[in-house]
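Everything below concerns the one structure shown next.
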Amino acid sequence: MPELPEVQTVVNELKTSVTFQWIKSVDVLRESIVVNRIKEFRKNVRSRQIKAVQRIGKYIVFTLDDKLWMVAHLKMTGKFIVKNKNTTRHAHDRVVFQLGTNNKLIFNDSRCFGRIELTTDLHNLPGIKKLGWDPWDDNLTPENFKRKIEHRKIPIKTLLLDQTIISGIGNIYASEILFDSMLNPTTSAQVLTKKQISRLISSTRSILRSALKYNGTSISDYRRVDEKKGSFQNFLKVYGKSERLCPICESNIVKIRQSQRSTFYCPNCQQ
DNA sequence: AGCGGAACCTGTCGGC
DNA sequence: TGCCGACAGGTTCCGC
């Protein structure tokens with residue numbers, strides 16, 4: 001499900017629904033979701049107050065104390081849902097936090113790729129430590145970007161999925177961003193000109209900002225904290241549109257396979 | 001170091 | 001109807 005716009009939507013909604021709430025207890029229904037030893041996790045989360053919620057890359061970070069954070073990653077199908085505490089258990093509920101109010105915070109994940117980890121050293125968590133620029137980082141300039149990728153031979157589409165370069169882009173928005181910047185997804189990263197990179201960066205920002213405005217893209221699994229859908233799926237121009245027509249030139253959108261993921265693009269507009 | 005492919009786990013959909 | 005393979009908003013690990 002989740003790329004930056006989806007994760008940021010969830011974080012925004014968690015901020016209003018669970019900040020300052022106390023965690024009374026935790027039920028771990030699927031142990032593989034929790035990275036820490038379960039006993040230790042339950043003990044250290046119990047009786048903590050959620051002081052803040054933030055997004056770092058595609059990670060959701062709950063601040064529980066000065067030196068204690070609960071870090072979650074939704075991977076493909078993870079969701080955070082807030083419901084009344086009397087709600088019955090639902091299929092794929094994996095971790096349930098009983099809150100001090102009438103609510104519970106549920107981590108639901110059909111595929112069980114998602115992870116929740118308690119840490120005392122947030123910025124040295126392996127996943128977080130390696131993250132590249134946030135899309136809106138002032139240091140993400142065409143010059144810096146070019147320098148960072150000038151020895152990378154992989155296709156630009158594949159490079160956009162590399163969280164150690166820019167963090168937050170996933171498979172849907174990579175295709176949309178490349179269409180918006182009129183770049184061919186198969187182009188080797190190292191041959192891009194400064195001008196093309198400049199376009200790529202502004203498209204990245206505008207596509208992600210727009211997707212965030214519509215609360216993300218709900219094609220199949222992704223849901224908001226209140227289980228509503230995002231609506232950016234109504235504005236996708238190429239992702240999932242193979243055999244449909246390009247909105248600019250009306251030639252056929254094509255689907256190809258790059259490093260085991262689908263890519264959609266217009267071979268005519270994206271040279 | 002960088003790259004491609006397998007692995008993690010579960011559900012759905014299309015073809016035969 | 002039923003089975004089987006392909007595929008799914010992600011990341012990590014392994015071998016070359």
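Chain naming here is simple, since letters A, B, ... match the order of the sequence lines and numbering starts at 1 in each. The figures that follow rest on heavy atoms only: side chains count, while hydrogens, waters and symmetry mates do not.
- In the model, A:Tyr265 has no side-chain atom that pairs as donor or acceptor with a side-chain atom of A:Thr186 under 3.5 Å.
- Of all the heavy atoms in A:Val254 and A:Pro267, the pair that sits closest is CG2-CG, 3.5 Å.
- B:dC13 is paired with C:dG5 under the Watson-Crick or G-U wobble criterion, all donor-acceptor distances under 3.5 Å.
- Closest heavy-atom contact between A:Gly216 and A:Thr9: N-OG1, 4.1 Å.
- Counting to the nearest Å, the C1' atom of B:dC8 and the CG atom of A:Leu74 are 17 Å from each other.
- Note: A:Phe80 and A:Phe97 fail the aromatic proximity criterion, with ring centroids not under 6.0 Å apart.
- The residue A:Ile154 sits close only to the backbone: its heavy atoms come under 4.0 Å of sugar-phosphate atoms, none of a base.
- The separation of C:dC3 from B:dC9, taken at their P atoms, amounts to 24 Å, rounded to a whole angstrom.
- Spacing of P atoms, B:dA6 relative to C:dG5, comes out at 16 Å, to the nearest Å.
- Separating the CZ atom of A:Arg30 from the C1' atom of B:dC9 is a distance of 8 Å, rounded to the nearest angstrom.
- Atom-to-atom, CZ of A:Arg115 to C1' of B:dC9 comes out at 9 Å; the value is rounded to the nearest Å.
- Computed from coordinates, the A:Asp93 CG to B:dT10 P distance equals 15 Å when rounded to whole Å.
- Contact annotation: A:His151 side-chain N/O to B:dA1 OP1/OP2 distance is not under 4.0 Å.
- Contact annotation: the side chain of A:Asn268 never approaches that of A:Cys246 to less than 4.5 Å [non-hydrogen atoms, C-beta and beyond].
- Within 4.0 Å (heavy atoms only), A:Ser259 reaches no atom of the nucleic acid at all.
- Protein atom CG of A:Asp221 is 12 Å distant from nucleotide atom C1' of C:dC7, rounded to whole Å.
- In this structure, A:Phe107 atom CZ and B:dC9 atom C1' are separated by 13 Å, rounded to whole Å.
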So which protein N/O to nucleotides 11-14 of chain C N/O distances come out below 3.5 Å?
| from | atom 1 | to | atom 2 | distance (Å) |
| --- | --- | --- | --- | --- |
| C:dT11 | OP1 | A:His73 | NE2 | 2.9 |
| C:dT11 | OP2 | A:Lys58 | NZ | 3.0 |

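- Using a 4.0 Å cut-off, some side-chain N or O of A:Ser262 falls inside it from OP1 or OP2 of C:dA8.
- A cation-pi arrangement is found for A:Lys148 relative to A:Trp133, the charged atom lying closer than 6.0 Å to the ring centre and inside a 45° cone about the ring normal.
- Among the heavy atoms of the strands lying under 4.0 Å from A:Arg152 are primed sugar atoms or P, OP1, OP2 only; no base atom is included.
- Counting to the nearest Å, the P atom of B:dG4 and the CG atom of A:Asp162 are 12 Å from each other.
- The shortest side-chain heavy-atom distance between A:Val82 and A:Ile106 does not fall under the 4.5 Å cut-off.
- The aromatic ring of A:Phe113 does not stack onto the base of B:dC9, failing the criterion of a centre distance under 5.5 Å from the six-membered base ring together with planes under 30° apart.
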Yes or no on side-chain contact (heavy atoms from CB on, under 4.5 Å) for A:Val238 and A:Glu176, after CA distance, side-chain angles and deciding distance?
CA-CA 6 Å; A:Val238 290; A:Glu176 295 296 316; 3.4 Å; yes
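- Atom C1' of nucleotide C:dG10 and atom OH of A:Tyr222 are separated by 16 Å, given to the nearest angstrom.
- Checking the phosphate oxygens (OP1, OP2) of C:dG10, no side-chain nitrogen or oxygen of A:Arg111 falls inside 4.0 Å.
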